[in-house]
Amino acid sequence: MKIDRLIGILSILLQKETVAAPVLAEHFEVSRRTISRDIDVLCQAGIPIVTKQGINGGISIMEGFKIDRTLLTNSEMKDILAGLRSLDSINGTNRYGQLMEKLSAGSSDFMTGDQSILIDLSSWYKGSLTPKIDLIRKGIDSRTLLKFQYYSPHGESCRIIEPYYLIFRWSSWYVWGWCCMRHDFRLFKLNRMENLHLTGEHFPGRKAPVPNLRNERIFPGGIRVKALFQPECKWRLIEDFGMEYFDEQKDGALLFHADYTDKENLISWLLTFGDKVRLLEPEEIRLELRSIIFRMQENYQ
């Protein structure tokens, strides 16, 4: 894209004293005439570019105008690159990585594969998530209403929203938008959305607050859980909650204690441990869990 090339040229000129036009043409795989047109565009944008003919000639930015290349340190540029590469992990392309390489032209010392942070935002649902993310981004950019079928613990419904933010949180992707059904801002999980499409109807936009995504706001708790796990479950408890949520007993058993948000999720989570856990509190969920186990037993008789 032309804008990427212009940014890349500007980045090189900011980091080098003088660059020959053929070098730029070869780097960006375009003709020298295209480079000349790009230089004209940068000049029109107010960048004081100087060209000199001859053996020691080339293209440079007027002395005194350059920004010190240390404006961004190598460490900072590595962090930016890691973030951009993480976006590539969603759509399976190298688009953002290529953009970063253009921005970092002339700073190859940190583009040699010595990245220490690799972020992969993809998931098992990458095949279905990628087109959803693309559609939502188009809806946000063009201010076009999105329509989809939504599945939640309360049932399924057809929703139409004004999309404002794409969010990655709690290991999942969400869209934050104004729900035309609820007449309020809502957070929708992409994995629960089906038949997503742009309606073609544009919306004027409204002042969209940044969603409050603090855990205590979205997951307010309220269920005081006490359970006894067998020692071999320690790695799961550490992975899911952390060391501070259980106490190791003298016999090796793990006394777990935490606030939980949703009863159904709690029961589902406990059942994944099979006979390696015994729920102690709350008593009403303990009784419900026992009833579920009895019904499961009947299914396998």
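For the single chain, residues carry numbers from 1 onward in sequence order.
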> Which heavy-atom pair separates T18 from G58 by the least distance, and what is that distance?
Replying inline: CG2-CA, 3.5 Å
>> Around atom CD of E29, are there more than 12 heavy atoms from other residues, nucleotides or ligands closer than 6.0 Å?
In response: no
> What distance separates D259 CG from R224 CZ, expressed to the nearest 0.5 Å?
Replying inline: 4.5 Å
>> Please find the pair of heavy atoms, one from P231 and one from G252, that lie closest to each other, and give the distance.
In response: CG-O, 3.2 Å
>> Checking the side chain of R192 only, and the main-chain atoms of S152 only, is there a donor and an acceptor separated by less than 3.5 Å?
In response: no
>> For H257 and E281: C-alpha separation, side-chain torsions, deciding distance, then whether side chain to side chain contact (heavy atoms under 4.5 Å, CB included) applies.
In response: CA-CA 9 Å; H257 43 81; E281 298 175 6; over 6 Å; no
> Is there a path from L270 to L228 through hydrophobic residues (I, L, V, M, F, W, Y) whose side chains come within less than 4.5 Å of each other?
Replying inline: no
> Under 6.0 Å from the CZ atom of R33, do we count more than 12 heavy atoms belonging to anything else shown?
Replying inline: no
> Does a side-chain heavy-atom distance below 4.5 Å link W178 with R186?
Replying inline: no
> Going through the checks in order, is the side chain to side chain contact (heavy atoms under 4.5 Å, CB included) test met by V30 and L24?
Replying inline: CA-CA 8 Å; V30 295; L24 292 174; over 6 Å; no
> Would a line drawn from the ring center of F203 to the ring center of Y164 be shorter than 6.0 Å?
Replying inline: yes
>> In the structure I gave you, are the side-chain heavy atoms of R182 and R159 within less than 4.5 Å of one another anywhere?
In response: yes
>> Taking V277 as the starting point, is it possible to reach L289 by hopping between hydrophobic residues whose side chains are less than 4.5 Å apart?
In response: yes
> With a 4.5 Å heavy-atom cut-off, do I167 and P211 have their side chains touching?
Replying inline: yes
> Looking only at heavy atoms, which two atoms of L254 and C233 are closest? And how far apart?
Replying inline: CD1-C, 4.2 Å
> Taking side chain as C-beta onward, heavy atoms only, is I12 less than 4.5 Å from H27?
Replying inline: yes
>> Grouping I, L, V, M, F, W and Y whenever their side-chain heavy atoms are under 4.5 Å apart, do L187 and Y151 come out in a common cluster?
In response: no
>> Return the CD1 to CD distance between I238 and E244, rounded to the nearest 0.5 Å.
In response: 10.0 Å
>> If I compare all heavy atoms of V175 with all of L190, which pair ends up nearest, and what's the gap?
In response: N-CD1, 3.6 Å
> Can you tell me how far NZ of K147 sits from CD of Q149, rounded to the nearest 0.5 angstrom?
Replying inline: 9.0 Å
>> Could you walk me through whether L280 and L255 satisfy the side chain to side chain contact (heavy atoms under 4.5 Å, CB included) test, starting with their C-alpha distance in whole Å, then the side-chain angles of each, then the deciding distance to 0.1 Å, before giving a yes or no?
In response: CA-CA 10 Å; L280 305 176; L255 184 60; 3.9 Å; yes
> Are the side chains of V225 and L279 in touch, meaning some heavy atoms are under 4.5 Å apart?
Replying inline: yes
>> I'd like to know whether the aromatic ring centres of Y150 and F188 sit less than 6.0 Å apart in this structure.
In response: yes
>> Would you say that T144 contacts K138 through its side chain, given a criterion of any heavy-atom pair below 4.5 Å between the two side chains?
In response: no
> Rounded to the nearest 0.5 Å, how far apart are CH2 of W173 and CG of L129?
Replying inline: 8.5 Å
> Linking I/L/V/M/F/W/Y whenever any side-chain heavy atoms sit under 4.5 Å apart, do Y260 and M243 land together?
Replying inline: yes
>> With side-chain contact (heavy atoms from CB on, under 4.5 Å) as the test, pick out the partner of I136 among L198, L166, D141.
In response: L166
>> Would you say that L237 contacts Y245 through its side chain, given a criterion of any heavy-atom pair below 4.5 Å between the two side chains?
In response: no
>> Rounded at 0.5 Å granularity, tell me how far NZ in K263 sits from CD1 in I223.
In response: 8.0 Å
>> For E284, is the CD atom crowded, meaning more than 12 foreign heavy atoms sit under 6.0 Å from it?
In response: yes
>> Using every non-hydrogen atom in the two residues, find where L135 and H197 come nearest and quote the distance to one decimal.
In response: CD1-CA, 4.3 Å
> So, for K189 and S172, which heavy atoms are closest and what is the spacing to 0.1 Å?
Replying inline: CE-OG, 3.3 Å
> Which pairs with one or both residues in residues 227-240 pass salt bridge (charged side-chain N to carboxylate O under 4.0 Å, His left out), sequence neighbours excluded?
Replying inline: E232-K276, K234-E248, R236-D240
Would you list the atom pairs, donor with acceptor, under 3.5 Å between side chains in residues 294-301 and any protein atom, with sequence neighbours excluded?
residue : atom : partner : partner atom : Å
R295    : NH1  : S291    : OG           : 2.8

N/O donor to acceptor pairs below 3.5 angstrom from side-chain atoms of residues 37-47, sequence neighbours left out:
residue : atom : partner : partner atom : Å
R37     : NH2  : T34     : OG1          : 3.4
D38     : OD1  : R5      : NH2          : 3.3
D38     : OD2  : R5      : NE           : 2.5
D38     : OD2  : R5      : NH2          : 3.3

>> Assess the residue pair F273 and F229 against the criterion (ring pair (Phe, Tyr, Trp, His ring centres under 6.0 Å)); give the C-alpha distance rounded to whole Å, side-chain angles, the decisive distance to 0.1 Å, and a yes or no.
In response: CA-CA 9 Å; F273 290 90; F229 288 84; 4.9 Å; yes
> Taking the six-membered ring for Trp, are F241 and W269 parallel (under 30°), tilted (30 to 60°) or perpendicular (over 60°)?
Replying inline: perpendicular
>> Quick check: is I293 connected to L287 through a chain of hydrophobic side chains (ILVMFWY, heavy atoms under 4.5 Å apart)?
In response: no
>> Under the criterion side chain to side chain contact (heavy atoms under 4.5 Å, CB included), I'd like the reasoning laid out for I160 against M181: C-alpha separation, chi angles, the key distance, then a yes or no.
In response: CA-CA 7 Å; I160 298 176; M181 175 188 290; over 6 Å; no
>> Quick check for you: to the nearest 0.5 Å, what is the distance between M193 atom CE and K132 atom NZ?
In response: 6.5 Å
